[in-house]
Amino acid sequence: MKRLKGRYLAVVSGCALFTAVLGAAFDCTGLIFAAVIQESAGITISTSAAFWTMRALVNGLSATLMTRLYLKTSGRIYLIFLGLACSLCYIPMVFYTRSFMWLLSAVALGICNAGQILALVSTLNKWFRSGIGTLMGVCNAAGGLLTFFAGPLLSRIIGRFGWRAAALSMGAVILLVILLCALVLIPDSPERVGLIPFGETSVETGAGTNTADADRDRLRTKHTWLIYLMILVVSLNATTIYGLASHMPTYAGSLGYTLSVGGMLTSIMSVTGIVTKLLCGILCDRIGAWKTAAVVYVLLGSAAALLILLNSSVIGLAIMSAGLGMSFTPFSMLMPRLCSASFGTHYEKAFGRLNMLVNLINTALIYLLGIVLQSEGGFPLAFRLAILFCLAALAVITGVFVMKRHGAT
């Protein structure tokens, strides 16, 4: 795509910033802070499980409401609301003295997660007519980098000033960054500042079109429910495998490897996740979202299969962990791109509904995954199920190509 200049570059920078700070809450609120305040606030394993369950439920239940809020307000007000929700993940921590209070952060985090991807996709769609996949990849990669470096830094701040002071500081910093993005870097629309979407030659020629929606992916069908089902299957499989990937340190321990090996696998997955989000965005622009989804699931299925075969060496585990590192990419990158490719100008409503369904159903799937891991089959059974999930996603994607070839109407 053409080189970005001036206000367009500021918008991309703002998108990367708010994606980074809103995304960091996912890891910092429920993982880093939970680990350091266990003793003083009574955070137990059961409380942690309740935290993630509550987050997923609130995310699912508030997804459609967040979509309505976006459609009825300006992007600036919507973004400030997300910033406030994210800040409330941290600021109330100052007063936490009981285990159940921790769930207040889960509620705020669920609301924040329900709206942050929509904010990114919609902002980019307003300002750009091409290369949105690549720009989404850049913004998501920026978020991954911040989380990667924020963990050790936040741990040092907590060690020096205490977790209550660190939580208050995090909430304040996030709110200031969001205000900077909403009030300075990202105007509501390019027309408000006398510009047109990047990639258009005039307002008239670009009206009602968006080449970044990848017309080669668009499905013209009356069976809307079928497209919802297809995107739902693709996204659910990804979040289930992501839940499996989070247990990789435990898997390494079950094979007799040390804790440091488990930590190394986690780091590899984090780095792979950053890189694949960027590459996935570029591929969406080059070959389309549905074909990119097919590539991702071939790689994920291969990684799950090889984890069963190559678990006798650290190198084999490292290679396969790199494959599983892309497991969150279908949800954070492909689901919004598939909605744009399949629903066009109605993608916001479609994304809100799918976001709700994915998080509500995923709550049950993660619970069932825990049962599978504790069963006699354990991790080998879970990996085999992951392979089946990937095959199911590939079957759905094949169905999309068949529908396109036969001109579904």
>> I'd like to check the side-chain hydrogen bond (donor to acceptor under 3.5 Å, both in side chains) partners of Arg353; sequence neighbours left out, ordered by chain and number.
In response: Tyr228
>> Arg192: which residues meet the salt bridge (Lys or Arg N to Asp or Glu O under 4.0 Å) condition with it, sequence neighbours left out?
In response: Asp188
> Do the side chain of Tyr78 and the main chain of Gly115 share a donor and acceptor less than 3.5 angstrom apart?
Replying inline: yes
> Quick one: which of Ile282, Leu338, Leu283, Asp285 gives a side-chain contact (heavy atoms from CB on, under 4.5 Å) with Thr292?
Replying inline: Leu283
> Is a side-chain donor or acceptor of Asn125 paired with a backbone partner of Val121 at a separation under 3.5 angstrom?
Replying inline: yes
>> With a 3.5 Å distance limit and no angle check, can you tell me whether Thr276 reaches the backbone of Gly273 through a side-chain donor-acceptor pair?
In response: yes
> Between CG of Leu84 and CG of Leu79, what distance do you get to the nearest 0.5 Å?
Replying inline: 10.0 Å
> Can you find a heavy atom in the side chain of Ser169 that is under 4.5 Å from one in the side chain of Ile157?
Replying inline: no
> With Leu381, which residues qualify under side chain to side chain contact (heavy atoms under 4.5 Å, CB included), at least two apart?
Replying inline: Val372, Ser375, Leu385
> Got a sec, which pairs hit ring pair (Phe, Tyr, Trp, His ring centres under 6.0 Å) with one end in residues 170-196, sequence neighbours left out?
Replying inline: none
>> Testing the basics here: between Tyr90 and Gly171, what is the closest heavy-atom pair and its distance to 0.1 Å?
In response: CB-N, 3.8 Å
>> To the closest 0.5 Å, what do you measure between CZ (Arg55) and CG (Leu57)?
In response: 9.5 Å
> Phe18: what forms a ring pair (Phe, Tyr, Trp, His ring centres under 6.0 Å) with it, not counting sequence neighbours?
Replying inline: none
> In Å, rounded to the nearest 0.5 Å, how long is the span from CE of Met136 to CE of Met333?
Replying inline: 4.5 Å
> Would a 4.5 Å heavy-atom cut-off, applied to side chains only, mark Val12 and Phe198 as touching?
Replying inline: no
> Are more than 12 heavy atoms from other residues, nucleotides or ligands located less than 6.0 Å from atom CD1 of Ile371?
Replying inline: yes
> Of the non-hydrogen atoms in Ser342 and Ile231, which two are nearest, and what is the gap between them?
Replying inline: OG-CD1, 4.3 Å
> Would you say the side-chain atoms of Ser62 pair up with the backbone N or O of Leu65, donor to acceptor, closer than 3.5 Å?
Replying inline: no
>> Going by side-chain hydrogen bond (donor to acceptor under 3.5 Å, both in side chains), name the residues that satisfy it together with Ser87, two or more places apart in sequence or in a different chain.
In response: none
> CZ of Phe379: more than 12 outside heavy atoms within 6.0 angstrom?
Replying inline: yes
> Roughly how far, to the nearest 0.5 Å, is the CG atom of Leu104 from the CE atom of Met54?
Replying inline: 9.0 Å
>> Within the structure provided, determine whether Ile319 and Leu306 are in side-chain contact (heavy-atom separation under 4.5 Å).
In response: no
> Atom CG of Leu82 and atom CD1 of Ile77: how far apart are they, to the nearest 0.5 Å?
Replying inline: 12.5 Å
> Should Leu255 and Leu317 count as side-chain neighbours, where that means a heavy-atom distance under 4.5 Å?
Replying inline: yes
>> Show the nearest heavy-atom pair for residues Pro197 and Lys126, with the distance to one decimal.
In response: CG-O, 3.6 Å
> Of all heavy-atom pairs between Cys15 and Leu124, which one has the smallest distance, and what is that distance?
Replying inline: SG-CD2, 4.0 Å
> Out of curiosity, Trp163 CH2 to Met93 CE, how far, rounded to the nearest 0.5 Å?
Replying inline: 8.0 Å
>> Donor-acceptor pair, distance only, cut-off 3.5 Å: does the side chain of Asn113 make one with the backbone of Asn59?
In response: no
> What is the minimum heavy-atom distance between Ile174 and Gly83, and which atoms define it?
Replying inline: CG2-O, 4.4 Å
> Do Phe401 and Lys291 touch side chain to side chain, with heavy atoms closer than 4.5 Å?
Replying inline: yes
>> How close do Leu334 and Cys284 get, counting heavy atoms only, and between which atoms?
In response: CD2-SG, 3.7 Å
